Amino acid sequence: DLFLMQTRGERWLRRWVDVEGRWPEQGPFVVVTFHYGNGFWGIRHLRRSGFTVQAVRRGFDRALFGPAWVRYLYARLRTRVTDRAFGLATLPDDAHSVRKLRQALRAGQCVLGLFDVPVEEGRKAIAAEFFGRPARFPRGLLYLARTESVPIVVYILRTDADSGRKHLRIFPPIRVDDEQRAGREVVRLLETAIREDPTAWHHWAGIARFFAGADAAAAAAQCPTETV
């Protein structure tokens, strides 16, 4: 898909991507997806539907790749292709990123983020059951949606192994009056998607990290604070 994103345009998208569901009539809203399938095409479809999309991307240190220079070059290329899919440079993950995302929403734009990210030590999390075990997921997107009074819209996109066709599924908007309840709904959608196509999820190697510290997250959920 990295190759196709660089060589195929709107005509290809219309022909090869089947769409189930629809985006809201108008923004702003927070778009949530996962490390699942081929999410590039969902961004392209969202932009084609008339929405401007903003996102935060973490940088990476060349030293972390060691001698794996091919992997490093691939990561740089993937970053450039991702920015091209959004149509504008993604924001760096720094002290100003939350403020800039709020500004984007208030300007009528959409904000997109990945939900299935292991929570780092010291970061706020929501507690949810994931494949029958207590797990923790990042709170940031839910907090942003709640405090800006906008819904979240979840989408997944995967490839049919036999035909090569893409299937984009857009779920109905979810109101975030309660972060824990909305978070559990998002986790349910993630788990359902994984059960439908386990090979499409990219995080199997690190799944244990979602369960670490889950009891602490459950306790913290009883006393939510106003920091991301």
Side-chain angles (χ1 to χ4, degrees), residues 10 13 19 21-36 39-59 79-117 119-120 122-126 128 136-157 168-187 189-190 217 220-221 223-228:
E10 295 303 311
L13 179 67
V19 182
R22 62 178 61 189
W23 304 110
E25 293 280 333
Q26 61 183 14
F29 50 90
V30 174
V31 185
V32 175
T33 190
F34 314 112
H35 291 88
Y36 179 92
F40 279 145
W41 301 104
I43 301 171
R44 287 272 294 268
H45 187 272
L46 183 61
R47 285 188 59 212
R48 193 188 76 177
S49 300
F51 296 100
T52 301
V53 193
Q54 186 59 270
V56 170
R57 171 182 53 80
R58 290 192 175 183
T79 297
R80 287 200 298 269
V81 172
T82 300
D83 285 351
R84 191 179 307 162
F86 280 104
L88 69 170
T90 48
L91 299 172
D93 185 13
D94 57 24
H96 306 289
S97 57
V98 174
R99 175 177 57 82
K100 292 178 179 177
L101 292 178
R102 290 189 187 281
Q103 290 174 345
L105 289 171
R106 292 171 187 178
Q109 300 177 5
C110 296
V111 166
L112 184 145
L114 293 161
F115 186 77
D116 54 340
V117 179
V119 181
E120 297 176 355
R123 301 296 292 267
K124 300 296 180 181
I126 63 104
R136 57 203 303 260
F137 290 84
R139 176 189 176 226
L141 293 171
L142 301 168
Y143 171 79
L144 184 65
R146 181 181 65 79
T147 55
E148 291 299 316
S149 301
V150 299
I152 60 174
V153 179
V154 178
Y155 84 85
I156 57 173
L157 194 148
L168 169 62
R169 185 176 182 187
I170 306 165
F171 294 93
I174 300 172
R175 290 189 56 178
V176 190
D177 297 320
D178 181 296
E179 294 170 19
Q180 296 294 323
R181 184 169 60 247
R184 289 192 293 270
E185 176 66 12
V186 176
V187 173
L189 294 176
L190 170 61
C223 301
T225 64
E226 289 302 312
T227 58
V228 178

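Quick caveat, the model's predicted, so the values are computed rather than measured.
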Applying ring-ring contact (aromatic ring centres under 6.0 Å, His included) to Tyr36 and not counting sequence neighbours gives none
Should Val154 and Phe34 count as side-chain neighbours, where that means a heavy-atom distance under 4.5 Å? yes
What is the minimum heavy-atom distance between Arg102 and Tyr143, and which atoms define it? NH2-CE2, 3.3 Å
Walk me through it: do Leu144 and Leu105 pass the test side chain to side chain contact (heavy atoms under 4.5 Å, CB included)? CA-CA 9 Å; Leu144 184 65; Leu105 289 171; 3.8 Å; yes
Ignoring hydrogens, what is the shortest heavy-atom contact between Pro138 and Val117? Give both atom names and the distance. CD-O, 3.1 Å
Does the pair Leu114 and Thr33 meet the rule for a side chain to side chain contact (heavy atoms under 4.5 Å, CB included), with working shown? CA-CA 5 Å; Leu114 293 161; Thr33 190; 3.7 Å; yes
Roughly how far, to the nearest 0.5 Å, is the CD atom of Gln103 from the CD atom of Gln109? 10.0 Å
Which atoms form the tightest heavy-atom contact between Pro28 and Pro151, and what is the distance? O-CD, 4.0 Å
May I ask you to test the Leu141-Ile152 pair for a side-chain heavy-atom distance under 4.5 Å? no
Quick check for you: to the nearest 0.5 Å, what is the distance between Leu46 atom CG and Trp41 atom CH2? 15.0 Å
Where does the angle between the aromatic ring planes of Phe137 and Phe115 fall among parallel (under 30°), tilted (30 to 60°) and perpendicular (over 60°)? parallel
Any chance you could lay out the side chain to side chain contact (heavy atoms under 4.5 Å, CB included) test for Arg123 and Arg136, step after step, and finish with the verdict? CA-CA 11 Å; Arg123 301 296 292 267; Arg136 57 203 303 260; over 6 Å; no
Minimum heavy-atom separation for Leu168 to Gly42, with atom names? CD1-CA, 4.1 Å
Kindly compute the distance separating CD1 (Ile170) from CZ (Arg22), expressed to the nearest 0.5 Å. 9.5 Å
Drop me the distance from Ser97's OG to Gln54's CD, to the nearest 0.5 angstrom. 10.5 Å
Side chains of Val111 and Val150 in contact at under 4.5 Å (non-hydrogen atoms): no
Around Arg48, counting heavy atoms of other residues, nucleotides and ligands shown, do more than 12 lie under 6.0 Å from its CZ? yes
Residues that Tyr155 engages under ring-ring contact (aromatic ring centres under 6.0 Å, His included), provided they are two or more places apart: Trp23
Working to the nearest 0.5 angstrom, can you tell me the gap between Arg169 CZ and Leu189 CG? 8.0 Å
Inter-residue atom distance Leu142.CG - Gln180.CD, 0.5 Å rounding: 8.5 Å
Minimum side-chain heavy-atom gap Val56-Lys100 below 4.5 Å: no
